2 protein chains.
Amino acid sequence: MGRRSIHTQEELRELIIAATTSIIDEVGIDGLSAREIAKHIGYSPGTLYNMFENLDDLLLIIEARLLDDLRQQLLEAITNAPAHEQLPLLAATYFEFTQNHPKRWSLLIEHRIPGDHPVPDWYEDKISSLLQPFEEVLDPILADASPEARRRHARTIWAGIHGLTSLSTANKLATITNHSGQVLIDDLVMTYLAGLQSSARHSGRIAPEKEKR
Amino acid sequence: MGRRSIHTQEELRELIIAATTSIIDEVGIDGLSAREIAKHIGYSPGTLYNMFENLDDLLLIIEARLLDDLRQQLLEAITNAPAHEQLPLLAATYFEFTQNHPKRWSLLIEHRIPGDHPVPDWYEDKISSLLQPFEEVLDPILADASPEARRRHARTIWAGIHGLTSLSTANKLATITNHSGQVLIDDLVMTYLAGLQSSARHSGRIAPEKEKR
DNA sequence: TGAGTATGTATCGACCGGCGGCCCATGCTT
DNA sequence: AAGCATGGGCCGCCGGTCGATACATACTCA
């Protein structure tokens, strides 16, 4: 068969990404295969490998877009919100987002690249940039803490929220949290915040070093 | 081929479980296949299916044993420990355990049963029983809180710790926390505890209902 | 009691459909 | 005419199935 030129490379690429995303959203990653994607878009399996190195590469791109979307929604959620509500808003938005795309979120959690190390840098950058909203929101609360402490607290609360949302979408562990994910998220955020403020109060300010333990 | 009777059914079962566990620990779940297991124990692939319904069934059993081991270590960690150190000890033990068995822990997180629901009850019970040490340890701190609040706080802190450890073993998200998992765990536990105590202090006791938000 | 036979079953391994990934002859488009 | 996007067959795997096999055992009978 020869060239079709019905779609440009870029169109074809987007077609593949869209088809793959919809398959994942509908039947989950177990129903996904190169043949299935190809069938959806009316091309042959081989064509996929002209556009993407392999399926992992394709999935990584889908995950990256999901991360972009999430980051966007996090940023939108806190614009024009009162400072003291921003962290709970972030948490709620994070949780809601994962609940809205459970299969794709599970993909993000469960998809592992074969071989042990080679997650591309741009992917890690996207993960890191999820932290940014949390750092921004914590900044006023931790105004006098050391930069290192601020980074640490942002990571902690982010990871905690992330953990709760992951447990909630992974149906294997869900009995623990399924009915009450949002409640637990609130609990985590509020109690952690209270802890931060309590530390600040006790030491006059948050001590730049070793303010805990 | 006929019966060998070199191993009893029970021995064979344990042989399979041991071989599978060692394959996972060494090369991870990607290197695992029925043929590979069979080769390790000197039997044919078909034999596996006399002992286990399928690979998922086998993996679930391995996960269950991992959960049992973890629970055991958690309980040991807090016996004879001063009350105020118990929660940090639990957290540290949890984290250390997952770091000691990273591939098997990843299996636990990432392994999904095909089809959406059918995680067996005994499996969910094992998950639930992980919560028990956390509830025990929180009890003295939350002596005057409602049972519902105590359950909630235990779940929250457990899920947070779980989330942090999972992020740390999943190499895809690791850049965030890899160098400092233990530090973040400490931060989470200490700050959350401070938050709980602060709530208790402010309201005289922890309010039985709606003590937050 | 011991040899010979019948029975049951543990085990094997070929087989099935499907997978990811590869590759290059084909034939359309320019 | 020529270059290249594309199709689709191919390879070596996979998980899982199942009928054939051959061994351990139970039984029979001398």
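Nothing here was measured: the structure is a model prediction, and the numbers come from that model. In what follows, every heavy atom counts, from backbone to side chain, and hydrogens, waters and symmetry copies are set aside. Each chain gets a letter, A, B and so on, in the order the sequences are listed, and its residues count up from 1.
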Whole Å only: how far is the CG atom of A:L55 from the P atom of D:dC13? 19 Å
Base, sugar-phosphate alone, or nothing: which one does A:L48 contact when heavy atoms must sit under 4.0 Å apart? nothing
Picking from D:dG8, C:dG20, D:dA5, which would you name as closest to the side chain of A:S33? C:dG20
Side chain of B:A34: nearest nucleotide among D:dG15, C:dG20, D:dG7? D:dG15
Rounded to whole Å, the CD1-P distance (A:I37 to C:dG20) equals 8 Å
Quick one: is D:dG8 close enough that its OP1 or OP2 comes under 4.0 Å of any side-chain N or O from A:S44? no
Taking the six-membered ring where the residue is Trp, are the ring centres of B:H153 and B:W158 under 6.0 Å apart? no
So what does A:L58 touch, heavy atoms closer than 4.0 Å: a base, only the sugar-phosphate, or nothing? nothing
Measure CD1/A:I16 against C1'/C:dG21 and give the value in whole Å, please. 15 Å
Please check the phosphate of C:dT11 (OP1 and OP2 only) for any side-chain N or O of B:T47 closer than 4.0 Å. no
Ignoring hydrogens and geometry beyond distance, is the side chain of A:R35 in donor-acceptor contact with the base of C:dG18 at under 3.5 Å? no
A:L15 CG to D:dT6 C1', straight-line distance once rounded to whole Å: 15 Å
What is the distance from CZ of B:R13 to C1' of C:dA10, rounded to the nearest Å? 16 Å
Presence of A:Y49 side-chain N/O under 4.0 Å of C:dC22 phosphate oxygens OP1/OP2: no
Interatomic distance where NZ belongs to A:K39 and P belongs to C:dG18 [whole Å]: 9 Å
Between A:E36 and A:K39, does any NZ, NE, NH1 or NH2 come within less than 4.0 Å of an OD or OE carboxylate oxygen? yes
Determine, for B:E14 against B:R65, whether the closest basic-nitrogen to carboxylate-oxygen distance falls under 4.0 angstrom. yes
Given atom CG of A:D30 and atom P of C:dG20, what is their separation to the nearest angstrom? 11 Å
By nearest-nucleotide position on DNA chain C, the 5'-leaning member of A:E36 and A:E53 is A:E36
Quick test of your reading of the model: are B:R150 and B:E135 salt-bridged, counting only N-O distances below 4.0 Å? no
Could you check whether A:N54 gets within reach of a base, just the sugar-phosphate, or nothing at all, counting any heavy atom under 4.0 Å? sugar-phosphate
Rounding to an integer number of Å, can you tell me how far A:I23 CD1 sits from C:dG20 P? 11 Å
Salt-bridge criterion met for A:R152 and B:D187 (N-O under 4.0 Å): yes
